[in-house]
Amino acid sequence: MKVPRVPGPRPTAFDRAAAGLQEARLRPEVRLAAVPAPARIAPQSFALAGEVVRDGDELATGRFVLLHDPAAPAQWGGRFRVVTLASADLEADLGADPLLGPVAWSWLEDGLRAAGADAVRLGGTVTRVVSESYGELSHREASVDVEVRASWTPAPGPDGDLDAEAHLQAWCVLLCSVAGLPPLPEGVVPLAQHPR
């Protein structure tokens, strides 16, 4: 006798979005790992730590956090919110470049556009820290750290679901740009990678 299959509950919008993050296709230089997500900011959250590694060298690091609140807080303007960070060491001469901030911010905007990730209430900061060494450390070259912090509300698709992978892809464009990697050639599709 065949036992009828009882369907389980349909995954929630947050579960579907988190699953999309874990199935994302990424550049081979990008490595992701699931990390503990902030617990007090939203009822549900999922976080990934990322790094860009080429030839064994870590070029950039960052974090991607997906927040979900079914109550759709007014300040978010939706049920989901993405909070990101990307940072890297740059060449010292870039520290004085007045265009560093606008260019770094444009990397995020370009990433959102390229990934087809619709976002509203986009805001953030670009911070540069110039370090110069003196005395016993004067042999060290000056260095510049740049950090891009951004958050936005992802717009849901026509079916009401969130294409979380597109927003992760946009952040990966930012992370790779901060690391100094050129964009992937048009038509090149990264292979599937799963967070460790």
Side-chain angles (χ1 to χ4, degrees), residues 17-18 20-42 45-67 80-97 99-115 117 119 122-133 137 140-152 154 164-184 190-196:
L21 293 176
Q22 296 177 74
E23 296 167 3
R25 294 175 173 267
L26 306 172
R27 290 180 66 149
E29 299 93 346
V30 176
R31 298 181 183 169
L32 295 181
V35 294
R40 292 182 234 171
I41 300 175
S45 57
F46 184 81
L48 295 167
E51 59 185 7
V52 176
V53 178
R54 179 178 261 184
D55 299 327
D57 294 328
E58 182 183 275
L59 304 178
T61 60
R63 186 169 288 234
F64 180 96
V65 180
L66 179 66
L67 305 172
F80 287 94
R81 188 82 179 157
V82 172
V83 179
T84 64
L85 164 71
S87 63
D89 296 331
L90 301 178
E91 296 173 15
D93 58 339
L94 293 175
D97 189 338
L99 295 178
L100 178 59
V103 168
W105 188 254
S106 75
W107 293 332
L108 173 60
E109 295 175 325
D110 292 346
L112 289 165
R113 235 182 337 273
L122 173 63
T125 61
V126 177
T127 304
R128 72 182 95 187
V129 176
V130 179
S131 299
E132 298 174 311
S133 301
L137 302 178
R140 292 185 182 173
E141 291 185 21
S143 64
V144 175
D145 298 320
V146 66
E147 180 180 273
V148 181
R149 292 180 178 267
S151 63
W152 64 88
E165 182 179 348
H167 293 271
L168 180 63
Q169 291 286 357
W171 173 74
C172 285
V173 169
L174 168 65
L175 193 62
C176 290
S177 297
V178 166
L181 298 185
L184 284 175
L191 300 174
Q193 263 183 12
H194 300 289
R196 296 176 296 197

Beyond-backbone contact of [X] with [Y], side-chain heavy atoms, under 4.5 angstrom:
X    : Y    : value
V30  : C176 : yes
L112 : W152 : yes
F46  : L48  : yes

Over all heavy atoms of both residues, which pair between [X] and [Y] is shortest? Give the atoms and the distance, please.
X    : Y    : value
W171 : G62  : CZ2-C, 3.6 Å
A150 : L108 : CB-CD2, 3.3 Å
F80  : A17  : CE2-CB, 4.0 Å
A115 : A170 : CB-N, 3.9 Å
H167 : A119 : CE1-CB, 4.5 Å

Just by modelled atom types, is the L85 backbone N or O under 3.5 Å from a matching donor or acceptor in the E147 side chain?
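Looks like no, no N/O pair under 3.5 Å.
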With rounding to the nearest 0.5 Å, note down the distance linking [atom1] in [X] to [atom2] in [Y].
X   : Y    : atom1 : atom2 : result
R27 : R54  : CZ    : CZ    : 6.5 Å
E23 : L168 : CD    : CG    : 12.0 Å
T84 : L175 : OG1   : CG    : 9.5 Å
S45 : R40  : OG    : CZ    : 12.0 Å
R25 : Q169 : CZ    : CD    : 9.5 Å
Q22 : L32  : CD    : CG    : 10.5 Å

Just by distance, with hydrogens left out, do R81 and S151 show a side-chain donor and acceptor under 3.5 Å apart?
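Looking only at side-chain atoms, S151 and R81 do form a donor-acceptor pair, the distance falling under 3.5 Å.
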Passes side-chain contact (heavy atoms from CB on, under 4.5 Å), W107 versus V126? Steps please.
CA-CA 11 Å; W107 293 332; V126 177; over 6 Å; no
side-chain contact (heavy atoms from CB on, under 4.5 Å) between L21 and F64: does it pass, once the steps are laid out?
CA-CA 10 Å; L21 293 176; F64 180 96; 3.7 Å; yes
